[in-house]
Amino acid sequence: MHDELSFFEKVYAVVREIPSGRITTYGAIARYLAASKSARMVGWAMNNAHDCKEYVPAHRVVNRQGLLTGKVHFGSSDAMQMLLEKEGVRIEKDRVLDFAKLFWDPAIELKL
DNA sequence: CGATTGACGTACG
DNA sequence: TCGTACGCCAATC
């Protein structure tokens, strides 16, 4: 057993803290967890997120360019975009508009 | 058990 | 601006 939350579980915890209509990046989460070198692991965590018992709003996590790179993992190609647009996030060509404006950095918003 | 892959990001030319 | 190379590390082949 792990005394502390595993890396994946930490990622899930952060992602769940993302407010509706806001977004963040894999790198930002990785950096917040002091694992900036493992941004890829955040992606893997999201892939594993389906295993997670609780819901993980993975659609609010995009890459550094604001691209919905993970949309293909939502079953439908437009599912991720639809979820975001439903929260008021404008998207064009799989890219989040006002990305910098909607960016939710855990290192700042969630800093302790 | 070694090689490949991947929902990333930075560095370099 | 664009393409290529590399690091990172778990999971998969």
Side-chain angles (χ1 to χ4, degrees):
Chain A
M1 284 293 288
H2 302 284
D3 294 291
E4 299 179 354
L5 294 173
S6 67
F7 180 76
F8 285 14
E9 289 172 333
K10 288 179 183 175
V11 173
Y12 302 150
V14 173
V15 175
R16 291 197 198 96
E17 292 301 316
I18 302 173
S20 178
R22 301 295 293 280
I23 55 176
T24 191
T25 68
Y26 304 96
I29 294 171
R31 192 157 88 146
Y32 174 70
L33 297 177
S36 58
K37 305 160 198 174
S38 303
R40 280 184 150 170
M41 296 300 93
V42 177
W44 263 120
M46 292 296 100
N47 192 13
N48 257 345
H50 293 286
D51 255 357
C52 193
K53 195 166 185 290
E54 295 188 43
Y55 175 66
V56 178
H59 60 279
R60 295 175 189 157
V61 184
V62 297
N63 73 350
R64 187 72 178 110
Q65 305 171 46
L67 293 172
L68 280 57
T69 50
K71 67 173 187 173
V72 296
H73 293 271
F74 280 77
S76 299
S77 300
D78 297 333
M80 186 175 184
Q81 177 173 341
M82 193 173 71
L83 285 168
L84 288 169
E85 290 182 331
K86 188 177 180 182
E87 296 180 354
V89 178
R90 295 186 301 166
I91 298 175
E92 184 177 309
K93 295 173 186 160
D94 297 336
R95 190 168 68 94
V96 176
L97 300 180
D98 296 330
F99 170 71
K101 184 177 173 185
L102 297 174
F103 180 56
W104 182 88
D105 188 348
I108 297 175
E109 309 290 345
L110 202 61
K111 78 180 176 186
L112 301 173

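The structure presented is a predicted model; accordingly, all values stated were derived computationally and were not measured. Per chain, numbering begins at 1; letters A, B, ... match sequence-line order.
- The base of C:dC9 lies outside donor-acceptor range of the side chain of A:Arg40, with no N or O pair under 3.5 Å.
- In this structure, A:Leu33 places its CG atom 14 Å from C1' of B:dC8, rounding to the nearest Å.
- For A:Gln65 and B:dG9, the CD to P distance is 8 Å, given to the nearest whole Å.
- Exactly one of A:Leu102, A:Val62, A:Ile18, A:Val15 qualifies for a side chain to side chain contact (heavy atoms under 4.5 Å, CB included) with A:Thr24. That residue is A:Ile18.
- Nucleic acid contact for A:His59: none, since no nucleic acid atom lies under 4.0 Å from a heavy atom of the residue.
- Within the 4.5 Å cutoff, the side chain of A:Met46 has no heavy atoms near those of the A:His73 side chain.
- Look at OH on A:Tyr32: it is 20 Å from C1' on B:dC8, rounded to the nearest Å.
- Residue contacts for A:Asn63: at a heavy-atom cut-off of 4.0 Å it reaches the sugar-phosphate backbone alone, with no base atom in range.
- Candidate nucleotides B:dA7, C:dC8, B:dC8 were compared by shortest atom distance to the side chain of A:Phe74, and B:dA7 ranks first.
- In this entry the distance linking CH2 of A:Trp44 with C1' of B:dT5 reads 7 Å, nearest Å.
- Of the candidate nucleotides B:dG9, B:dA7, B:dG6, B:dA7 has the atom nearest to the side chain of A:Ala58.
- Rounded to a whole Å, the CD atom of A:Glu9 is 15 Å from the P atom of C:dA10.
- Between A:Cys52 and A:Glu9 there is no side-chain heavy-atom pair separated by less than 4.5 Å.
- Remark: A:Arg22 CZ is packed, more than 12 non-hydrogen atoms of other residues, nucleotides or ligands lying under 6.0 Å away.
- With rounding to whole Å, A:Arg60 atom CZ is found 17 Å from B:dA7 atom C1'.
- Considering only heavy atoms from C-beta on, A:Lys10 stays 4.5 Å or farther from A:Tyr32 through its side chain.
- For A:Met41 and C:dC8, the CE to P distance is 12 Å, given to the nearest whole Å.
- For A:Thr69, a side-chain nitrogen or oxygen approaches OP1 or OP2 of B:dC8 to under 4.0 Å.
- When each of B:dA7, B:dG9, B:dG6 is scored by its nearest atom to the side-chain atoms of A:Met46, the top-ranked nucleotide is B:dA7.
- Here B:dC8 presents its P atom at 14 Å from CZ of A:Phe8, a figure rounded to the nearest Å.
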